[in-house]
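Inspection log for the structure reproduced underneath, given as C-alpha cells.
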2 protein chains.
Amino acid sequence: MAKASTVYDVAGHAGVSIATVSRVLRRPDDVRASTRDKVLASVAELGYVPSANARGLAARRTGVLGLYFPNLDAMEELDDGEFDASSLVEVVQDIPDSGLVRPPNLYFDEVLRGSELEAWRQGFALMVGVGRVAYPADMVNDIAGRVDGMAVLAQSIPDSVLQHVSRRIPIVLIAGPRRGDSYDHVSVSNSEGMGALTTHLLDSLAVTDFAYVAGPDDSPDGAERYSGFRQALHSRGLDPDARPVLHGGFSRQRGREVATQLVNDGKLPRALVCGNDQMALGALDVLRAHGVRVPDEVIVTGFDGIEAGQTSSPRLTTVRQPMVDLGRAAMRVMLSRLEDPKQPPISVRLPVKVLLRESSEGPVDSSS
Amino acid sequence: MAKASTVYDVAGHAGVSIATVSRVLRRPDDVRASTRDKVLASVAELGYVPSANARGLAARRTGVLGLYFPNLDAMEELDDGEFDASSLVEVVQDIPDSGLVRPPNLYFDEVLRGSELEAWRQGFALMVGVGRVAYPADMVNDIAGRVDGMAVLAQSIPDSVLQHVSRRIPIVLIAGPRRGDSYDHVSVSNSEGMGALTTHLLDSLAVTDFAYVAGPDDSPDGAERYSGFRQALHSRGLDPDARPVLHGGFSRQRGREVATQLVNDGKLPRALVCGNDQMALGALDVLRAHGVRVPDEVIVTGFDGIEAGQTSSPRLTTVRQPMVDLGRAAMRVMLSRLEDPKQPPISVRLPVKVLLRESSEGPVDSSS
DNA sequence: ACCGAAACTGTATGCGCATACACTCGGCGG
DNA sequence: CCGCCGAGTGTATGCGCATACAGTTTCGGT
C-alpha cells in the first residue's frame with residue numbers, strides 16, 4: 001500500500017503501453033492472448049486495482065447508483081453511545097424495549113437489499129445515504145456527484161434540492177406521493193391494500209365496529225392507507241367519519257399508548273385497524289397485558305408485513321408490502337431512464353398482499 | 001440534465017476563474033464574500049453539482065468507505081422473482097415462513113447501519129457490496145477501486161483477493177478470526193459471552209443437562225461460541241464432551257429440525273443452548289407445537305440478540321452482540337488507519353451482553 | 001500619495017484512465 | 001513481388017477538478 005500502482009506502472013512492468021493495459025481490463029478480446037497474459041501477470045504482481053475515479057472521469061459515468069433514505073428517529077439514538085470495552089461481558093435482565101436501541105425499520109433494510117441486489121446484477125455499485133436532519137442538502141449533493149442516478153425514499157428531500165440535483169442525474173422517488181410529474185416514481189398499493197383488508201373484515205368477518213389507528217399526519221403512505229380504509233367502508237354503505245381515528249406515529253410505543261387509552265376508556269372496538277405493523281404490535285402488547293383476547297374480543301391488523309408480525313402472538317394479520325421489490329424496481333426504473341433519458345416519466349405501482357393471520361382469523365395451526 | 005454543468009460553466013457564468021469556483025466550494029473563507037455570493041448564485045442557477053470522480057482524482061482520495069458482506073443464502077432467493085403487477089392486491093392465508101422470502105439477517109442490517117452512521121459522521125460516504133457467490137473477486141476489486149478503505153465481514157473474501165486489494169487500500173476485518181496479522185480487526189466476545197451465559201445456567205439455574213446446537217462448521221463465530229460453552233462447563237468440572245452437540249446451520253429451519261429430532265428421540269435436555277437466535281427460535285416453534293413448556297421443562301437460549309427474540313413467546317434469553325457498534329468501530333478503525341497508515345495493526349474486541357429473558361428465567365411481567 | 005504586506009484571484013498542471021486515431025506488421029490476392 | 005487489409009498496439013488527448021504558484025488588488029501605515 002506504499003503507493004497504489006497505476007496503469008503506467010503496469011504498462012512499464014509488462015512492457016506495453018497504457019492503452020493496452022486498459023484494453024486488457026475493459027475489452028480483453030481486443031488484445032492478443034499472449035499480451036493479455038503478460039499484462040494480467042503484471043497486474044497480479046503489482047497488486048494493481050484501477051481507480052474508479054479516473055475511470056469514471058474518462059468514461060463520463062460512475063457506475064454507481066445511489067439510494068437515499070430519510071432519517072428515522074431510531075437512528076439518531078445511536079449517536080451518543082461510545083463503545084466501551086471496559087468489560088467484555090455483562091449479564092443483565094433484558095433492557096427495556098425502548099424501540100430505539102434496536103432500530104425497528106425492517107422497511108428500509110429491505111428496500112436496501114432489493115436495491116443492492118438489482119444494482120449489482122446490472123453491473124452497478126450501490127451507494128447509501130441516510131439523511132441526518134441537520135444538513136440533508138449537503139449529503140444529497142455529495143451523493144449526487146458520485147452516482148449516475150439516485151433513488152430517494154419518501155419525502156426525505158426538500159423539493160428545491162431535488163430539483164437542483166435532478167439537473168445532473170435522474171431521480172427516482174420511492175413511495176410517497178408523486179412530486180410534480182417530472183420524476184420517475186415507484187410505489188405500492190397502499191390504499192388498495194388497506195381497502196382489501198378492510199373489505200375482508202367487513203364481508204368475511206362481519207365486522208362493523210372499527211377504530212382506525214393512523215400514522216403521523218405527514219406520512220403520505222399513512223394517508224393513502226387511511227383513504228383505502230375509508231373507501232372500503234363507504235363502498236359498503238358505512239360512514240367512515242363515524243369511526244374513531246386515533247393518531248399515532250408509526251411507533252410501537254405509540255401503538256401502546258393508543259391501545260391503553262382505548263382500554264381505559266372502555267371503548268375497545270371489535271376491530272382495531274392500524275396504519276402499520278409497529279403500532280399494531282404495540283396494541284397487541286397492551287391487549288395481552290390486559291387480558292383482552294385477540295381476535296375473539298378485538299381483532300387487530302397492521303400494515304407492512306414486518307418480520308416481527310410473523311412471530312408475535314397472535315401472529316399479526318397485515319398487508320405485506322413488497323419492500324424488496326420496491327428497491328429492485330427503483331433501480332430498474334433508474335437504469336431504464338439512463339438508457340433512454342428522454343422517455344416520458346415512469347410510474348410503477350407494485351401490488352401488495354393481504355396476509356390473514358391469527359390476529360384476525362382466530363386460532364390456526366401454527367405447528368409448521 | 002441536458003448536459004451536466006462543470007466548474008467551467010459556473011466560472012464563465014459568474015465571471016471568475018475555475019480556481020475561484022473550486023475554492024468557493026472547498027474553502028469558502030479564502031474567497032471574498034461578494035465573489036462567493038456571485039459564484040453560489042451561478043451554482044444554483046446552473047444546477048451545478050461537482051463531479052466526485054474529478055474531485056477524487058485530483059485530490060487523490062475518494063471520500064468513500066466500503067463495506068463488503070458475504071452473501072447469505074437468503075439473498076439468492078430473491079433472484080428469481082419478477083414483480084408482476086397484474087393484480088394490485090391479493091388476499092392470502094399467510095405464506096409459510098420459508099425463512100427465505102423474508103431475509104432474516106438483522107445482523108448485517110445493523111452492522112450496515114452502524115457503518116453508515118459513523119462513515120457519514122466522519123465525512124465519508126458509504127458504499128455497500130454483498131458478495132454473490134459467482135464472482136467475489138471482481139466485485140471486491142470494483143469496490144476497492146472506488147473507496148479509500150474497505151471493511152469486510154467475516155470470511156467473505158478469499159485470502160488472495162484480500163491480499164491483492166490490500167496493496168491499494170487498508171482493509172478492516174469484521175468478526176471472524178484474525179487472518180494473518182497484517183489487517184486491522186474488529187470482533188465481539190463470542191466465547192466470553194457464551195461462556196457467561198452458560199455459567200449463569202450452571203450457577204444460578206443449576207442446570208447440568210445441556211445440549212448444544214452448533215452453527216455451520218465453517219463459521220468462526222460459531223466455533224468461538226462453542227468454545228466458550230465448553231470452557232464454562234470445564235471450569236465447573238463438567239465434561240463438555242459428554243454433552244451432545246447438534247450441528248445446525250444458523251437457520252430457523254435448522255433449529256426446528258434439530259428440536260424435532262430431540263423431541264422424537266425423547267432426548268430433550270434441561271437446557272438447549274443454541275449458537276444463534278434463529279436456531280433458538282426454530283426450536284421454540286417446535287417445542288411450543290409439541291406442548292413442551294419453556295422454560296419449565298426446557299430452557300432455550302440463543303445468541304445475537306435479534307429483534308424477533310424480543311417478541312417471541314417466550315422471549316428469548318440470548319447474548320446480545322453490539323452489531324451496530326461493530327460497524328461503527330470498523331469505520332473508526334479504518335479512519336484511524338487512513339490517518340496514520342503505518343501504525344501497528346489494530347484489533348478491537350467489543351463487549352457483549354447476556355440478556356436474561358423468559359426462555360430461561362421463567363415468567364416475568366411483560367406488561368411494559 | 002507611496003510602500004509593503006496581506007488578501008484575493010488567475011494560470012497552469014496533473015491526477016489515472018478510456019479512447020480516437022495513427023501506426024506497424026503479417027498475410028493475402030493479384 | 002507489390003499493395004491492401006485487418007489485427008494488434010502505441011500516441012495523444014481530454015474527462016472535471018484541486019492546488020501550487022504567480023499575479024493582482026486592497027489596505028494600513030506613514
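None of the values given here were measured: they were computed from a predicted structure. Chain letters run A, B, ... following the sequence lines, proteins first and then strands; every chain starts at 1.
A heavy atom lying under 4.0 Å from DNA chain C marks none of the residues of residues 7-14 of chain B.
Partners of B/D221 under the salt bridge (Lys or Arg N to Asp or Glu O under 4.0 Å) rule, at least two apart in sequence or in another chain, do not exist in this structure. For A/Q343, the side-chain contact (heavy atoms from CB on, under 4.5 Å) criterion is met by A/S336, A/R337, A/D340, A/I346, not counting sequence neighbours. Annotation: salt bridge (Lys or Arg N to Asp or Glu O under 4.0 Å) contacts of A/D159 (sequence neighbours excluded): A/R179. Shown here are the salt bridge (Lys or Arg N to Asp or Glu O under 4.0 Å) partners of B/D148, two or more places apart in sequence or in another chain: there are none. By the salt bridge (Lys or Arg N to Asp or Glu O under 4.0 Å) test, A/D30 pairs with A/R27, sequence neighbours left out. Every residue meeting the side-chain contact (heavy atoms from CB on, under 4.5 Å) condition with A/H185, not counting sequence neighbours, appears here in chain and number order: A/L173, A/R178, A/S187, A/S347. Evaluation of the side-chain contact (heavy atoms from CB on, under 4.5 Å) rule for A/V128 yields A/F69, A/L112, A/L126, B/V128 as partners, not counting sequence neighbours.
From the 5' end on, the contacts that DNA chain D makes with chain A at under 4.0 Å to a non-hydrogen atom open and close at D/dG8 to D/dG16.
Inter-residue side-chain proximity for A/M150 and A/I143 is flagged as met; some heavy-atom pair is nearer than 4.5 Å. Here the side chains of A/V147 and A/F124 are not in contact, with every heavy-atom distance at 4.5 Å or above. Between B/L65 and B/S115, the closest side-chain pair of non-hydrogen atoms is not below 4.5 Å.
With hydrogens and angles disregarded, no donor-acceptor distance shorter than 3.5 Å links the side chain of A/R328 to the backbone of A/E118. Looking only at distances, a side-chain donor or acceptor of B/D9 sits under 3.5 Å from a matching main-chain atom of B/T6. Put simply, the side chain of B/T35 never gets that close to the backbone of B/V31: no donor and acceptor are under 3.5 Å apart.
Taking the C1' atoms of five terminal pairs at each end of the helix from C/dA1-D/dT30 to C/dG30-D/dC1, the two resulting helix axes are inclined by 40°, rounded to 10°.
Across A/P28 and A/R36, no two heavy atoms sit closer than the pair O-NE, 3.2 Å.
Residue-level contact check: B/S51 touches the backbone only, with heavy atoms under 4.0 Å from sugar-phosphate atoms and none from bases.
Comment: B/D142 engages B/R146 in a salt bridge, judged by a side-chain N to carboxylate O separation of less than 4.0 angstrom.
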Can you check nucleotides 25-27 of chain C for protein contacts, nitrogen or oxygen pairs under 3.5 Å, and list what you find?
none

Could you go over nucleotides 5-11 of chain C and give all protein N or O partners under 3.5 Å, atom names and distances?
residue : atom : partner : partner atom : Å
C/dT9   : OP1  : B/T35   : OG1          : 2.2
C/dT9   : OP2  : B/R32   : N            : 3.1
C/dG10  : OP2  : B/S17   : N            : 3.0
C/dG10  : OP2  : B/S17   : OG           : 3.1
C/dG10  : OP2  : B/T20   : OG1          : 2.7
C/dG10  : N7   : B/R23   : NH2          : 2.9
C/dG10  : O6   : B/R23   : NH1          : 3.3

